[in-house]
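Residue numbers begin at 1 in each chain, while the letters A, B, ... track the order of the sequences. None of the values given here were measured: they were computed from a predicted structure.
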There are 2 protein chains.
Amino acid sequence: MPSSDLAAPARDRVTVVTIARRAGVASSTVSRALNGDPRISAATRERIAAIAVELGYMPDALARTLSGGRSGLIGLVLGPVENPFYVAMLEEVVAQAAARGLRPLILHLGAQAIEAETMRALQQYRVDGCLVTSARLSSDIADLCGRRGVPVVMLNRVTRLRASSVSCDNLGGAAEMARFLLGQGHRRFALVGADTASSTALEREQGFSQALAAAGLQPLRLSGGNSSWLGGYAAGERMAALPPAERPDAVFAVSDIMALGVMDALRRHGLRVPEDVSVAGFDDIAESARPTYALTTVSQPLVPMVRRGLDLLLARIQEPDLPDEVTLLRGRLTLRASTRERPPAA
Amino acid sequence: MPSSDLAAPARDRVTVVTIARRAGVASSTVSRALNGDPRISAATRERIAAIAVELGYMPDALARTLSGGRSGLIGLVLGPVENPFYVAMLEEVVAQAAARGLRPLILHLGAQAIEAETMRALQQYRVDGCLVTSARLSSDIADLCGRRGVPVVMLNRVTRLRASSVSCDNLGGAAEMARFLLGQGHRRFALVGADTASSTALEREQGFSQALAAAGLQPLRLSGGNSSWLGGYAAGERMAALPPAERPDAVFAVSDIMALGVMDALRRHGLRVPEDVSVAGFDDIAESARPTYALTTVSQPLVPMVRRGLDLLLARIQEPDLPDEVTLLRGRLTLRASTRERPPAA
DNA sequence: CGGAATCGTGCACACGTATGCGCAAAACTT
DNA sequence: AAGTTTTGCGCATACGTGTGCACGATTCCG
């Protein structure tokens, strides 16, 4: 049936064979020449390179992969993007991956569960490695990757699973924030956590509480749902509803996005930040730097975190049997206008 | 050199050959059986299917692509993610693409220029099609895709280039907003636009201005940089600095993210929204629904837009010679508390 | 000047899947 | 029962690249 014969001649790719014919050599010579094999003479190499440029040759990444190489693809499993921190992380990962010649393939994005489709994609496309930022169901991913020999690095998650991880020193950062607030004269604290207990959130709660306990204090625990603006807002409303005598004079939320919700709720109910209540967060997302928020927070070292994560991943791609490694990077206290010195006594 | 001989036996893939040997048939029979070729008997088909399941066989997408099929990869070129609208669009694209068995490969993300690396990736990985939301330098992408026969669909961008596009009826939506505000009794308007003139922003400005002109009015044009919160904030500050007599009583910003900046600036300078000034936007991002903003806006039909975009793309992947198509979807006015009826006379 | 070492290149095959074609056996027709 | 169609499957090859091995040509050494 020569019905669709006209569809065929449309696009003919430039391959090593095209170049080989043009140069009068074998295709293997072209392959070696372009890959800098020292066995090929300089003259031949340059001649072939010239033809390649002339024809606009681009090696087919898929064929190269099939022939035993790496695909250059890294699978991305991303958490809830309603939290701008994950968006910033995505942006940084994409930029740094591109600089290293890697292409990010999105396997999953969002807070909901990971579908079977994702797992299939992970197996069908020969992903060299995986970067995971979502905790939910990450165990399945890690498990599957482990069985198939695909290295995994967790970003911003510490896990007991077989995988390396890079994370901020959540415990230390939260503790440092607690000590800072204590030093400012605050004595009545609220701690806003998230219901969906991620390792990150738990560590921050713990670090904050422990530092307060060292000063003989205990925070009022408020939780308002998941780690989102709305969750923080709900917690803030609950706090604003307290009788003034019981109301804390400093709030620490385990994520900036929640802290912003807390601030908005407090202000909406007539409380001033920082005059009446100091508010602090963790992450340092872009929104926190807005003059209307000016949130005091613990800045996560995003760029070094991603760099370290890719370092770990690439090392394990080249040497699959390297042992798992857990990296902790210290956060930095960023002081803004949402917190304020309290007079020593009431 | 038998040095790294131990590295080889690590992971042996399950391929059609594995199954063929196990079933005592040729590999071509396996391929046909799994792809539902009617020439294979039901008995053989089932036997092979059973073995495939037992061994956990997954076809290699790369090899399949090489053999003449589609890769199942669609390239994504994304705009500035500081605008949550683009993040929402990304999320929707990922979800809908997965449902159709497509994998999104991130080619570019962010406001800055598209690097050469991106163009290379586009050629090296056999992307079936491209989805573009960024206007900056999208001409290069479209050009390259056109030459290589890769269909392109622009989302939220209308372009004169060779590509199909799906977009909201920006002109009509902005005009409808203008008529609504007029109907509420507003007479002094401000229009907040962006410096970096995207087609989207320009159309919205135009639609708003034209509808006002039809009522014999002209808006005060304010621009405060690019389409970001900070840009809106700057415009809001300029507006708040005006003497009360000259100050508009309604502002329309060409994007929600700018409108939120405007609101924050106005409130920070003591103006009440909507009591003193009504504020309206365009996009309907999640933040606009927060009780603290409650922004009146034009909702973009995100889900249908992405659906239509993928429809167009898939149609052109299967039939490359289809003519370009431009789809316009009507937005819907979403009324919230940031706008308010004005008394008929002063 | 003959043998060995070195250099540059080609042949063949591998990776995993899809498919045109051919061939044997079974089913049907006359 | 012999010929014709249909059925079910295998052989060979293509896709584009990488690489082990071998082979002819050159160079070096004695």
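- Side-chain atoms of A/R32 and base atoms of C/dG8 include no donor and acceptor less than 3.5 Å apart.
- Distance B/I48 CD1 to D/dG8 P: 13 Å, rounded to the nearest Å.
- Which of C/dG8, C/dG16, C/dT19 sits closest to the side chain of A/T44 comes down to C/dG8.
- Nearest heavy-atom pair, B/A97 versus B/I74, reported as atom, atom and distance to 0.1 Å: CB-CD1, 4.2 Å.
- Protein atom OH of A/Y125 is 14 Å distant from nucleotide atom C1' of C/dT17, rounded to whole Å.
- Nearest to the side-chain atoms of B/D60 among the listed nucleotides C/dT17, C/dC11, C/dG22 stands C/dT17.
- B/T15 has no side-chain polar atom (N or O) that falls below the 4.0 Å cut-off from OP1 or OP2 of C/dC15.
- Panel note: side chain A/T18, backbone A/T15; a donor-acceptor pair is recorded below 3.5 Å.
- Side chains of B/Y57 and B/L34 form a contact here, defined as non-hydrogen atoms less than 4.5 Å apart.
- Across D/dT17, C/dA18, C/dT17, the shortest atom-to-atom separation from the side chain of B/N35 is found for C/dA18.
- The separation between A/I19 atom CD1 and C/dT9 atom P is 15 Å, rounded to whole Å.
- Side-chain atoms of A/N156 never come within 3.5 Å of backbone atoms of A/S167 as a donor-acceptor pair (strictly under, hydrogens ignored).
- For B/S31 and C/dT17, the shortest distance from a side-chain N or O to OP1 or OP2 is not below 4.0 Å.
- Toward the 5' end of DNA chain C, the nearer of the two residues A/V30 and A/S67, judged by each one's closest nucleotide, is A/V30.
- Here the C1' atom of nucleotide C/dT9 and the CZ atom of A/R39 are 9 Å apart, to the nearest Å.
- Rounded to whole angstrom, the span from the CD1 atom of B/I40 across to the C1' atom of D/dG8 amounts to 6 Å.
- When all heavy atoms of B/T133 and B/R157 are compared, the closest pair comes out as O-NE, 2.8 Å.
- Rounded to whole Å, atom C1' of D/dT19 lies 9 Å from atom CG of A/D37.
- Minimum atom distance to the side chain of A/R126 is reached by C/dC15, of the listed D/dG10, C/dT17, C/dC15.
- Here the P atom of nucleotide D/dA14 and the CG atom of A/L62 are 20 Å apart, to the nearest Å.
- The residue A/V17 sits apart from the nucleic acid: no heavy atom pair falls under 4.0 Å.
- Nearer the 5' end of DNA chain C, as judged by each residue's closest nucleotide, is the contact made by A/P38, out of A/S28 and A/P38.
- Atom-to-atom, CZ of B/R70 to P of C/dA18 comes out at 14 Å; the value is rounded to the nearest Å.
- Between the side chain of B/R47 and the base of D/dG8, no donor-acceptor pair under 3.5 Å is found.
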